[in-house]
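All values below were derived from every heavy atom in this structure, side-chain atoms included, with hydrogens, water molecules and symmetry-related copies excluded. Lettering follows sequence order; numbering is per chain, from 1.
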2 protein chains.
Amino acid sequence: MAETTARTDARHTRERLLAAARDAFASYGTEASLRDIARRTKVGIGTLYRHFPTREALLEAILDTNFDTLRERAEQLLESPSIAPLEALLTWLNDLAVGARTYQGLPHSIMVALADENSELHASCAAMRASGERLLRRAQDAGQVRTDITVYEMIAIIIGSVWAVQQDGGLSDRMARLLDVAAHGFVRHPTAAGGDRSDRP
Amino acid sequence: MAETTARTDARHTRERLLAAARDAFASYGTEASLRDIARRTKVGIGTLYRHFPTREALLEAILDTNFDTLRERAEQLLESPSIAPLEALLTWLNDLAVGARTYQGLPHSIMVALADENSELHASCAAMRASGERLLRRAQDAGQVRTDITVYEMIAIIIGSVWAVQQDGGLSDRMARLLDVAAHGFVRHPTAAGGDRSDRP
DNA sequence: ACCTGAACACCGTTCAAGT
DNA sequence: ACCTGAACACCGTTCAAGT
């Protein structure tokens with residue numbers, strides 16, 4: 001019984017740490033002070049470190065649901081026959097942008113997670129990325145998107161745009177405009193006036 | 001004579017601080033330790049602060065030449081009759097991207113400088129931005145670029161792309177690809193397949 | 001098992017005291 | 001005039017000691 005109580009308390013501590021972290025990240029971004037999170041939880045700093053050995057482990061606990069949701073959303077869109085390939089892709093990219101806006105600094109964590117295989121967010125980000133790739137491929141196969149664009153490029157431009165808007169207040173109408181321009185760069189047009197090399201050998 | 005010597009020494013100190021700062025920024029990005037810069041210069045930390053009261057003042061001393069160069073480059077391109085408006089714009093955007101890649105973290109400083117009127121980099125960035133706007137307008141007037149795009153959007157997407165590439169090593173071929181896609185988003189195409197709302201009333 | 005917090009090695013920034 | 005660096009208020013991270 002003593003053990004069960006200890007485990008229960010530990011679980012409780014974990015949940016309280018996560019709640020405080022969500023608060024802190026929402027207020028100060030993903031670089032919020034870990035000491036401050038421990039302080040708010042009324043727990044020693046060592047306790048935070050034992051539950052979450054790195055800042056990324058903490059982020060992962062908070063975020064991987066979001067990445068999973070994004071992956072499920074992609075699968076949903078792939079299976080909806082009423083939604084055209086390009087429309088499905090653009091819808092998903094909007095969801096991605098909305099998700100990346102959750103916390104200040106999150107765009108940075110996402111780009112790092114995509115590139116660094118040792119990141120604790122790598123797995124969920126890679127799955128999210130793979131699902132986006134399927135949406136991209138389908139739109140390319142349908143002749144609606146430039147065939148020379150990679151998932152990396154697609155995600156980098158979207159996340160880079162989210163980042164840019166975040167640097168300055170992060171107004172959501174600005175975000176919508178940037179996404180529109182970025183998306184326009186993906187589209188394949190019948191006769192290109194310039195800058196489009198998607199049909200080169 | 002003593003005064004002249006003191007002034008000369010101060011100037012010398014200033015130059016040595018700038019050299020150390022350039023080194024440190026090149027190695028560690030624009031968030032490099034100011035204490036470390038003072039240490040390398042073999043100067044008290046207070047001396048650095050008196051010469052450059054803020055990190056931005058230091059950045060400004062290092063960078064405003066670059067922004068001026070970018071502005072001059074724009075004027076040059078505007079006056080070259082042999083270069084088509086779109087080509088001139090894309091050339092300039094490439095120069096902007098190359099400049100923004102100078103230091104890790106510089107994209108952040110640029111976006112902040114553009115938005116914040118109190119930034120010490122604001123003046124040179126605003127001049128740079130204004131010159132880019134002239135290039136953009138000309139390409140729009142020539143019917144080669146979407147008329148609904150603003151300088152802010154154009155710069156944000158370019159700098160956002162530079163930022164994204166910087167998060168992962170910063171390979172320059174990746175940069176070139178991203179710029180191509182971003183630029184493609186600016187171009188006005190005769191018949192849009194989707195995502196282009198540039199001709200709406 | 002789980003938790004604590006002092007200790008270490010750093011920051012940015014200010015300001016009284018020195019030449 | 002110009003320079004110094006101790007002092008203050010913070011960090012992230014580790015680890016011996018406590019329950």
Point to revise | Whole angstrom value for the distance that separates C1' of D/dC2 from NE2 of B/His12 | key: 15 Å
Check your understanding: Do any side-chain nitrogens or oxygens of A/Thr47 fall under 4.0 Å of OP1 or OP2 in C/dC2?
Key -> no
Exercise for review: Over 60° means perpendicular and under 30° means parallel, so classify the ring planes of B/Tyr103 and B/Phe25, tilted if in between.
Suggested key: perpendicular
Check your understanding: With sequence neighbours left out, which residue pairs that include part of residues 62-89 of chain B fulfil the salt bridge (Lys or Arg N to Asp or Glu O under 4.0 Å) condition?
Key -> B/Arg71-B/Glu75, B/Arg73-B/Asp95
Study note, to complete from the structure: By nearest-nucleotide position on DNA chain D, the 5'-leaning member of B/Arg35 and B/Lys42 is B/Lys42
Point to revise | Atom-to-atom span, CZ of A/Phe52 to P of D/dT14 - whole angstrom | key: 16 Å
Check your understanding: Does OP1 or OP2 of D/dC3 have a side-chain N or O of B/Arg50 closer than 4.0 Å?
Key -> yes
Review point. Salt bridge or not for B/Arg138 and B/Asp141, using N-O below 4.0 Å?
Key: no
Check your understanding: Does a nitrogen or oxygen in the side chain of A/Thr13 sit under 4.0 Å from OP1 or OP2 of C/dC2?
Key -> no
Practice item. Between D/dC11, D/dC2, D/dA6, spot the one nearest the side chain of B/Ile45, thanks. Key: D/dA6
Exercise for review: Please report, rounded to the nearest Å, how far the C1' atom of C/dC2 is from the CG atom of A/Leu48.
Suggested key: 14 Å
Practice item. Send over the distance from B/Arg55 CZ to C/dG12 C1', rounded to a whole Å. Key: 8 Å
Check your understanding: B/Trp163 vs A/Trp163 aromatic rings, parallel, tilted or perpendicular, using cut-offs 30° and 60°?
Key -> parallel
Revision key, fill the gap. Of the candidates C/dG12, D/dC11, D/dC2, the side chain of A/Arg39 sits closest to D/dC11
Point to revise | 5' precedence on DNA chain D between A/Pro53 and A/Asp36 (nearest-nucleotide basis) | key: A/Asp36
Review point. How far apart are the C-alpha atoms of B/Arg40 and B/Asp36, what are their side-chain angles, what is the distance that settles it, and do they pass the salt bridge (charged side-chain N to carboxylate O under 4.0 Å, His left out) test?
Key: CA-CA 6 Å; B/Arg40 290 177 190 223; B/Asp36 193 48; 3.2 Å; yes
Study note, to complete from the structure: Rounded to whole Å, the CG-C1' distance (A/Leu58 to D/dG12) equals 14 Å
Review point. With a non-hydrogen cut-off below 4.0 angstrom, is B/Ala32 in contact with a base, only sugar-phosphate, or nothing?
Key: sugar-phosphate
Point to revise | Length of the line joining A/Arg11:CZ and C/dA1:P, which is rounded to integer Å | key: 15 Å
Exercise for review: Would you please confirm or rule out a distance under 4.0 Å between OP1 or OP2 of D/dC3 and any side-chain N or O of B/His51?
Suggested key: yes
Review point. Name the stems that DNA chain C belongs to, where each is three or more consecutive Watson-Crick or G-U pairs with both distances under 3.5 Å?
Key: C:4-8 with D:12-16, C:12-16 with D:4-8
Check your understanding: Do the side-chain N and O atoms of B/Glu56 and B/Ser119 include a donor-acceptor pair separated by under 3.5 angstrom?
Key -> yes
Practice item. Round to the nearest Å and state the distance from A/Arg14 atom CZ to C/dC3 atom P. Key: 12 Å
Exercise for review: Counting heavy atoms from C-beta on, name the nucleotide in D/dT13, C/dG12, C/dT4 closest to the side chain of B/Tyr49.
Suggested key: C/dG12
Exercise for review: Report yes or no: is the cationic atom of A/Arg174 (NZ for Lys, CZ for Arg) under 6.0 Å from the centre of the six-membered ring of B/Tyr152, at an angle within 45° of the ring normal?
Suggested key: yes
